[in-house]
Asker: 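Input: one structure, supplied below.
Ligands are counted one by one from 1 in listed order, and the atoms in each one are counted from 1 as well.
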Amino acid sequence: MKIGVFDSGVGGQSVANAIKRALPDHEVLLREDKAHVPYGLKQPAEILQLVIPIFQDLVDSGCAVIVVACNTVTTTLIHELRRHFSVPLVAVEPMVKPAAAMTKTGVITVCATPTTLTSARYAELKDTFARGITVLEPDCSDWAAMIEENRISRNAIEMMVQKALKQHTDVIVLACTHYHWIESDIKNVTGNKAAVLQPEGALIGQLKRVLAQLV
Ligand code: DGL
């Protein structure tokens, strides 16, 4: 089957690579929006206009399912997109629930774009799953661009992680798929002091369930 994967930029490549490794018998069609990345500083209405034609192109190309490999799109627009398209949409979203279940210190850190952090869905996730837990939200506003343009500042990453560790974080959530590319840099700083969560494993599990229903 054809699986469409969408992100504003290189975050999609990380997710598409993981899908190809896990599901080698399927064809993966990756679409990015290099002309408009980063999305994480844009308003949802603007993002909706950008993604509709790209999703439509994936549908027209015969995709049986589309993976929304962009937390910014999921947290702001997943309901609109599900109304608009009849193919199943399998989406990443900030892993607040598993992080909250896992923390022993009661402090978690969510790294995400400004648009994700101000979304109603993200507020709902915190309200539903992280009541009584301290959620640190460091300023990662230039990270997607930094990773997209391959000018990664290991110093900026280390400063953020050290600050979070000083505040007793024991779980760090990568809630932007661009940050999957710096997962090992973050883990190099955390060592065994904090777990680092990203959604590719869970996403593939969900994708397998959806594909099984389509055959
Ligand atoms: N990779 C996207 C996400 O998961 C957004 C990056 C951006 O375009 O700002 O949120």
Asker: Does E27 come within less than 4.0 Å of K20, counting only side-chain N to carboxylate O?
Answerer: no
Asker: As a test of reading the model: which N/O atoms of the protein lie under 3.5 Å from N/O atoms of ligand 1, and at what distance?
Answerer:
from: ligand 1; atom 1: 1 (N); to: D7; atom 2: OD1; distance (Å): 3.0
from: ligand 1; atom 1: 1 (N); to: D7; atom 2: OD2; distance (Å): 3.3
from: ligand 1; atom 1: 1 (N); to: T177; atom 2: OG1; distance (Å): 2.9
from: ligand 1; atom 1: 1 (N); to: H178; atom 2: ND1; distance (Å): 2.8
from: ligand 1; atom 1: 4 (O); to: N71; atom 2: N; distance (Å): 2.9
from: ligand 1; atom 1: 4 (O); to: N71; atom 2: ND2; distance (Å): 3.1
from: ligand 1; atom 1: 4 (O); to: T177; atom 2: N; distance (Å): 2.8
from: ligand 1; atom 1: 4 (O); to: T177; atom 2: OG1; distance (Å): 3.3
from: ligand 1; atom 1: 8 (O); to: S8; atom 2: OG; distance (Å): 2.6
from: ligand 1; atom 1: 8 (O); to: Y39; atom 2: N; distance (Å): 2.6
from: ligand 1; atom 1: 9 (O); to: Y39; atom 2: N; distance (Å): 3.3
from: ligand 1; atom 1: 9 (O); to: G40; atom 2: N; distance (Å): 2.8
from: ligand 1; atom 1: 10 (O); to: N71; atom 2: N; distance (Å): 3.4
from: ligand 1; atom 1: 10 (O); to: T72; atom 2: N; distance (Å): 3.1
from: ligand 1; atom 1: 10 (O); to: T72; atom 2: OG1; distance (Å): 2.7

Asker: With the threshold set at 4.0 Å, does a side-chain nitrogen-carboxylate oxygen contact exist between D170 and K104?
Answerer: no
Asker: Between E183 and K187, is there a salt bridge with N-O shorter than 4.0 Å?
Answerer: yes
Asker: Evaluate the ring planes of Y39 and F6, with Trp represented by its six-membered ring, and classify them as parallel (under 30°), tilted (30 to 60°) or perpendicular (over 60°).
Answerer: tilted
Asker: How long is the straight-line distance from OG1 of T115 back to CG of N71, given to the nearest 0.5 Å?
Answerer: 11.5 Å
Asker: CD1/I47 to NZ/K42 distance, rounded to the nearest 0.5 angstrom?
Answerer: 7.5 Å
